[in-house]
Amino acid sequence: MARPFVSIILIAYDMAREIPRTVQSFLPPYQTGIGEDEVEILVMENGSSEPVPQSVRDRFGHRVRWIDVEDPHPSPARALNQGATLARGEWVCPVIDGARMASPGILAKASQAARLDGEPVIATLGYHLGPKPQPISAAQGYNQDEEDRLLAAIRWPQDGYRLFDIAALGLSARAGWLGPIAESNAIILRKAHYERLGGYDERFDLPGGGIVNHDFFRRCLEAPNSRYLLLLGEGTFHQYHDGVATSKGVDKPTGADGLTAWERYAAQYRLITGRDYAVPEIAPILFGSLNELGARALVRCVAALSKEENS
């Protein structure tokens, strides 16, 4: 088989409902402007108690490789690195949370951005399906049944860009395309660049990885010769599931020590890196174009920023 342009590495942990949608959203013909032989997907089943059934796996054929990770770790870092090692593409796209569906133009725009000089680091915004970021909407009753109704209402997957109409920006990207973001949930870079960076730091060993994704994103941007591009009009959309952080939030005290999850994450980051965590302030090159739905999403970004400034 010809070498694909990009290998998508999806981490799956008890996501039998969510993974099939995610896989479909990263494959042509849903992904427009890119050939079927240019994309491969590796689904890393990282210790799921209920893995994706074989009947569902068979539906996707040879374009998707299903890897049942041996000796799975509570953090996804090791599985992401294993996936990158197995990847056949010249470029890799690690997706630390396999519950994230993609908008239809990510890969075509990434293939264009990949031709730029330097080491392109191609990032996307993270959205949450539902009316608000999921830690908030879940506390107000949002659940998988409501999400299924929303997806049926927009007739997904007929027009993947309609996901913007039923989603809210994640807390790590509050300003959308107009401000700094803390992480990208589908970041595309050359496999050789991934390897030079050392991949995901496996010392981040908390369940779910803590802020290992934030750390990887920051190291990508700060690496010599990196060229940071943020895809305009594209995003990933988190499906509700019983995740460690996205659905539960990280700002409430848990455990006997009274610390919040974020305080534990930040303490581990400080221990590993020797510095306090901060959102990268490196400004991106906005790459791509906006269709009508993307333009409406941008207008909502502007309105939210204006409301925040005036409050």
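Residues His128 and Tyr142 are not in side-chain contact: their nearest non-hydrogen atoms beyond the backbone lie 4.5 Å or more apart. Residues Pro51 and Arg57 have side chains in contact (heavy-atom distance under 4.5 Å, counting atoms from C-beta outward). A 4.5 Å side-chain heavy-atom check between Ile8 and Val23 finds every atom pair outside the cut-off. A heavy-atom distance below 4.5 Å is found between the side chains of Met44 and Ile11. Considering only heavy atoms from C-beta on, Val95 stays 4.5 Å or farther from Thr236 through its side chain. Side-chain contact between Thr124 and Ser184 is present, with at least one heavy-atom pair separated by less than 4.5 Å. A heavy-atom distance below 4.5 Å is found between the side chains of Val39 and Pro28. Side-chain contact check for Glu195 versus Thr85: every heavy-atom pair is 4.5 Å or farther apart.
The backbone N or O of His241 sits nowhere less than 3.5 Å from a side-chain atom of Glu18 that would complete a donor-acceptor pair. A donor-acceptor pair under 3.5 Å links the side-chain atoms of Gln31 to the main chain of Ser25, judged by distance alone. Looking at Glu45, its side chain does come within 3.5 Å of a backbone N or O of Val52 through a donor-acceptor pair. With hydrogens and angles ignored, the 3.5 Å screen pairs a side-chain donor or acceptor of Asp14 with a backbone N or O of Glu50. Panel note: side chain Arg218, backbone Val279; no donor-acceptor pair is recorded below 3.5 Å. Using modelled atom types, one side-chain atom of Arg174 and one backbone atom of Leu171 make a donor-acceptor pair closer than 3.5 Å. Lys191 contributes no side-chain N or O that, together with a main-chain N or O of Gly89, makes up a donor-acceptor pair within less than 3.5 Å.
Between Gly209 and Pro76 the shortest heavy-atom distance is N-CD, 3.6 Å. Scanning both residues, Ala113 and Pro120, for their nearest heavy atoms gives O-CG, 3.7 Å. A pairwise comparison of heavy atoms in Arg219 and Gly199 identifies NH2-O, 2.6 Å as the closest pair. Heavy-atom minimum distance, Leu189 versus Pro94: CD2-CD, 4.3 Å. Residues Ile187 and Phe217 come closest through the heavy atom pair CD1-CD1, 3.6 Å. Closest heavy-atom contact between Ser111 and Phe5: CA-CZ, 3.5 Å.
Side-chain heavy atoms closer than 4.5 Å link hydrophobic residues (I, L, V, M, F, W, Y) into clusters, and following such links, possibly through other members, connects Phe237 to Leu232. Criterion: ILVMFWY side-chain heavy atoms under 4.5 Å apart, direct or through other members. Under it, Val69 and Leu10 are not part of a common hydrophobic cluster. Both Leu231 and Leu116 sit in one connected hydrophobic cluster of ILVMFWY residues. Membership requires side-chain heavy atoms under 4.5 Å apart, directly or through other members. Under a hydrophobic-cluster definition in which Ile, Leu, Val, Met, Phe, Trp and Tyr are linked whenever side-chain heavy atoms come within less than 4.5 Å, directly or via other members, Leu86 and Trp91 are assigned to different clusters. Hydrophobic clustering (side-chain heavy atoms under 4.5 Å, transitive across Ile, Leu, Val, Met, Phe, Trp, Tyr) groups Ile122 together with Phe26.
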Test Met101 against Leu151 for side-chain contact (heavy atoms from CB on, under 4.5 Å), laying out the working first. CA-CA 12 Å; Met101 301 156 68; Leu151 289 167; 4.1 Å; yes
Stepwise side-chain hydrogen bond (donor to acceptor under 3.5 Å, both in side chains) test for Asn213 and Tyr200: CA-CA 8 Å; Asn213 201 46; Tyr200 278 76; 2.7 Å; yes
Verdict with reasoning, Ile272 to Asp215, per side-chain contact (heavy atoms from CB on, under 4.5 Å): CA-CA 10 Å; Ile272 291 171; Asp215 171 71; over 6 Å; no
Report the C-alpha distance between Ile41 and Phe60 in whole Å, list the side-chain angles of each, state the deciding distance to 0.1 Å, and finish with yes or no for side-chain contact (heavy atoms from CB on, under 4.5 Å). CA-CA 10 Å; Ile41 294 179; Phe60 293 102; over 6 Å; no
Show your working on side-chain contact (heavy atoms from CB on, under 4.5 Å) between Asn46 and Arg78 and close with a plain yes or no. CA-CA 9 Å; Asn46 195 35; Arg78 184 186 302 167; over 6 Å; no
Quiz: residues 288-295 side-chain donor-acceptor pairs under 3.5 angstrom, not counting sequence neighbours:
unit_1, atom_1, unit_2, atom_2, d
Asn291, OD1, Leu293, N, 3.2
Asn291, OD1, Gly294, N, 2.7
Glu292, OE2, Arg296, NH1, 3.3

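Contacts classified as salt bridge (Lys or Arg N to Asp or Glu O under 4.0 Å) and involving residues 30-39 (residues at least two apart or in different chains) are given here: Glu36-Arg63. Contacts classified as salt bridge (Lys or Arg N to Asp or Glu O under 4.0 Å) and involving residues 181-190 (residues at least two apart or in different chains) are given here: Glu90-Arg190, Glu119-Arg190.
Inspection of the Tyr13 and Asp97 side chains reveals no N or O donor paired with an N or O acceptor under 3.5 Å. Side-chain atoms of Trp156 and Tyr30 form a donor-acceptor pair, as typed in the model, at a separation below 3.5 Å. Looking only at atom types and distance, the side chain of Asp205 has no donor-acceptor partner in the side chain of Ser75 under 3.5 Å away.
Scanning for side-chain hydrogen bond (donor to acceptor under 3.5 Å, both in side chains) contacts around Asn81 gives Tyr194, Glu202, with sequence neighbours left out. Residues satisfying the side-chain contact (heavy atoms from CB on, under 4.5 Å) test with Ile282, not counting sequence neighbours, are Leu221, Glu222, Tyr228. Shown here are the salt bridge (Lys or Arg N to Asp or Glu O under 4.0 Å) partners of Asp148, two or more places apart in sequence or in another chain: Arg17, Arg21.
If you take CH2 on Trp66 and CG on Asp58, they are separated by 9.5 Å, rounding to the nearest 0.5 Å. The distance from the CD1 atom of Ile285 to the CG atom of Leu229 is 4.5 Å, given to the nearest 0.5 Å. Atom CG of Leu80 and atom CZ of Phe216 lie 8.5 Å apart (nearest 0.5 Å). Here Ile154 contributes atom CD1 and Asp159 contributes atom CG; the two are 8.0 Å apart, rounded to the nearest 0.5 Å. Taken to the nearest 0.5 Å, the CG atom of Asn225 stands 9.0 Å off from the CG atom of Asp117. Considering CD of Gln82 and NE2 of His73, their distance stands at 11.0 Å, rounded to 0.5 Å.
Under the side-chain contact (heavy atoms from CB on, under 4.5 Å) rule, Leu107 has a single partner from Ile188, Thr32, Leu27, which is Ile188.
Salt-bridge annotation for Asp145 and Arg149: absent, with no side-chain N of the basic residue lying under 4.0 Å from a carboxylate O of the acidic one.
Environment of CD in Glu70: sparse, with no more than 12 heavy atoms of neighbouring residues, nucleotides or ligands closer than 6.0 Å. Summarising the local packing, CZ of Arg155 is surrounded by 12 or fewer heavy atoms from other residues, nucleotides or ligands at distances under 6.0 Å. A 6.0 Å sphere centred on NZ of Lys132 holds no more than 12 heavy atoms belonging to other residues, nucleotides or ligands.
Ring geometry, Phe164 versus Tyr161: the interplanar angle falls under 30°, so the pair is classed parallel (tilted spans 30 to 60°).
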